[in-house]
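The next block holds one structure in the form of structure tokens; read it before the comments.
Letters A, B, ... mirror the listed sequences (proteins, then strands); counts begin at 1.
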Number of protein chains: 2
Amino acid sequence: MARTENVETHDPAAPREVGTDDLEDFSEFAPDVFQRGCSSRQTLEIVAAKWGVLALAALRDGSVRFNALRRKIDGVSEKMLSQTLQALERDGLVVREVRETIPPHVEYSLTALGTQVSDSLASLIRVIEDAVPEVVEAREAYDARKPA
Amino acid sequence: MARTENVETHDPAAPREVGTDDLEDFSEFAPDVFQRGCSSRQTLEIVAAKWGVLALAALRDGSVRFNALRRKIDGVSEKMLSQTLQALERDGLVVREVRETIPPHVEYSLTALGTQVSDSLASLIRVIEDAVPEVVEAREAYDARKPA
DNA sequence: CCGAATCCGATTTGATACTG
DNA sequence: CAGTATCAAATCGGATTCGG
């Protein structure tokens, strides 16, 4: 019974929206993404969250500033990008470097681990982008079968 | 302004929770996951959704029945698994085969495209599982820096 | 200019119950 | 067995506000 006791409906003092689950620590066991609570599953949920893939992919170019990332990733809000980057930084996939200039200058880049992950994602993205015609066709066929 | 006019707070008659965005059709353009509305981005959001990765990974073993998938993917609800599989089927990554017996017998398997995607995901998962010790350490360091 | 914190509606999620 | 329906709760995400 190490689950949270936080039963307060919608606690506003909890800025823990992306990838900050606090289930049990499974780090002693063989990592298995299929087991919930496993660290690897937690990391997967951050990486494979709505903005995680795109953030990691966008960082392959090298070091990128916050607003440059924001512009590149169409549709992301400041809040979600910020949260996503924080979660990725916490898991050691991304580094955040602050240059104390005026105006401030913050750059994000990949760690070695982040680069490995990003490489896998790049291959995933390539497959998906190349498959667009096929996917569109599949969708049309599916929707024709199930118009309901 | 082609966005939905569905302003009714929480319309229960809308079973469109996974991967059924209805933005514009970008299929004429060069696919770019960074552009919202692009088909490739829609597919990515299904694949890289909370349960998409695990479902595709779980299907690498071959043809699997619904409840077997459900047992393998710890924590998934029937509803989400069902929605995820439907979305994946719609995009042509998964095939659903029904055997009209009593009791019913439904098997899911990967298409050729689904297999390609799943291969990328397998590599991603391997990286993440192998990195668990590193990630756990990174988390501790991060939390020590920012206990607030 | 960079980004974090707060507020709050909308969407997604998941337990449970129910159907073919 | 393989889902769908229902509803409450959690999460998301945009707008705005605040701080360095």
Q: Using atom CD of B:Glu89 as one end and atom C1' of D:dG3 as the other, report the distance to the nearest whole Å.
A: 13 Å
Q) Atom CD of A:Gln86 and atom C1' of C:dC2: how far apart are they, to the nearest Å? A) 13 Å
Q: For B:Arg99, report the nucleic acid contact type (base, sugar-phosphate, nothing); a contact means any heavy atom under 4.0 Å.
A: nothing
What does the list of N/O pairs under 3.5 Å between the protein and nucleotides 17-20 of chain C look like, with a distance for each?
none

Q: Report the distance from atom CG of B:Leu85 to atom C1' of D:dT4, rounded to the nearest whole Å.
A: 14 Å
Q | Derivation of the side chain to side chain contact (heavy atoms under 4.5 Å, CB included) call for B:Val47 and B:Leu56 | A | CA-CA 8 Å; B:Val47 169; B:Leu56 287 167; 3.9 Å; yes
Q: State whether A:Asp32 and A:Arg41 are salt-bridged, where the test is any N-O pair (Lys NZ or Arg NE/NH1/NH2 against Asp/Glu carboxylate O) under 4.0 Å.
A: no
Q. Which nucleotide in the set D:dG13, C:dG14, D:dG3 lies at the smallest distance from any side-chain heavy atom of B:Ser77?
A. C:dG14
**Q.** Validation row: B:Glu89, B:Leu85 side chains within 4.5 angstrom (heavy atoms)
**A.** no
Q. Counting only side-chain N and O atoms of B:Gln83, is one of them less than 4.0 Å from OP1 or OP2 of C:dG14?
A. no
Q. Over how many whole Å does the gap from A:Asp74 atom CG to D:dG14 atom C1' extend?
A. 15 Å
Q.
Using whole Å, what does the distance between atom C1' of nucleotide C:dC1 and atom CD of A:Glu100 come to?
A. 13 Å
Q. Are the side chain of A:Asp74 and the backbone of B:Phe34 linked by a donor-acceptor contact shorter than 3.5 Å?
A. no
Q. What nucleotide among C:dA15, C:dC2, D:dG13 has an atom nearest to a side-chain atom of A:Arg65?
A. C:dC2
Q. Would you say a side-chain N or O of A:Lys50 is under 4.0 Å from OP1 or OP2 of D:dG13?
A. yes
**Q.** Gap between atoms CG and P, on A:Leu81 and D:dC12 respectively (whole Å)
**A.** 15 Å
Q.
With a cut-off of less than 4.0 Å, is there a side-chain N or O of B:Thr101 near OP1 or OP2 of D:dC1?
A. no
Q: Describe the nucleic acid contact of A:Glu107 in one word from base, sugar-phosphate, nothing, applying a heavy-atom distance below 4.0 Å.
A: nothing
Q. Quick one: which of D:dC1, C:dC2, D:dG3 gets closest to the side chain of B:Val106?
A. D:dG3
Q. With distance as the sole test, does A:Thr84 use its side chain to make a donor-acceptor pair with the main-chain N or O of A:Trp51 at under 3.5 Å?
A. no
Q. In whole angstrom, what separates B:Ile73's CD1 from C:dG14's C1'?
A. 15 Å
Q: Could you note down all residue pairs passing side-chain hydrogen bond (donor to acceptor under 3.5 Å, both in side chains) where residues 121-138 of chain B supplies at least one of them, sequence neighbours left out?
A: A:Ser120-B:Ser123
Q. Should A:Thr43 and B:Arg139 be marked as a side chain to side chain donor-acceptor pair (under 3.5 Å) after you check the CA-CA gap, both sets of side-chain angles, and the distance that decides it?
A. CA-CA 11 Å; A:Thr43 301; B:Arg139 276 185 203 161; 3.1 Å; yes
Q. How many Å lie between NZ on B:Lys79 and P on C:dA15, as a whole number?
A. 11 Å
(Q) Can you see whether A:Arg96 engages A:Gln86 through a side-chain donor-acceptor pair at a distance of less than 3.5 angstrom? (A) no
Q. Quick one: is A:Tyr108 getting a side-chain N or O under 4.0 Å of the C:dC2 phosphate, OP1 or OP2?
A. no
Q | Distance test, side-chain N/O of A:Trp51 to OP1/OP2 of D:dC12, below 4.0 Å | A | no
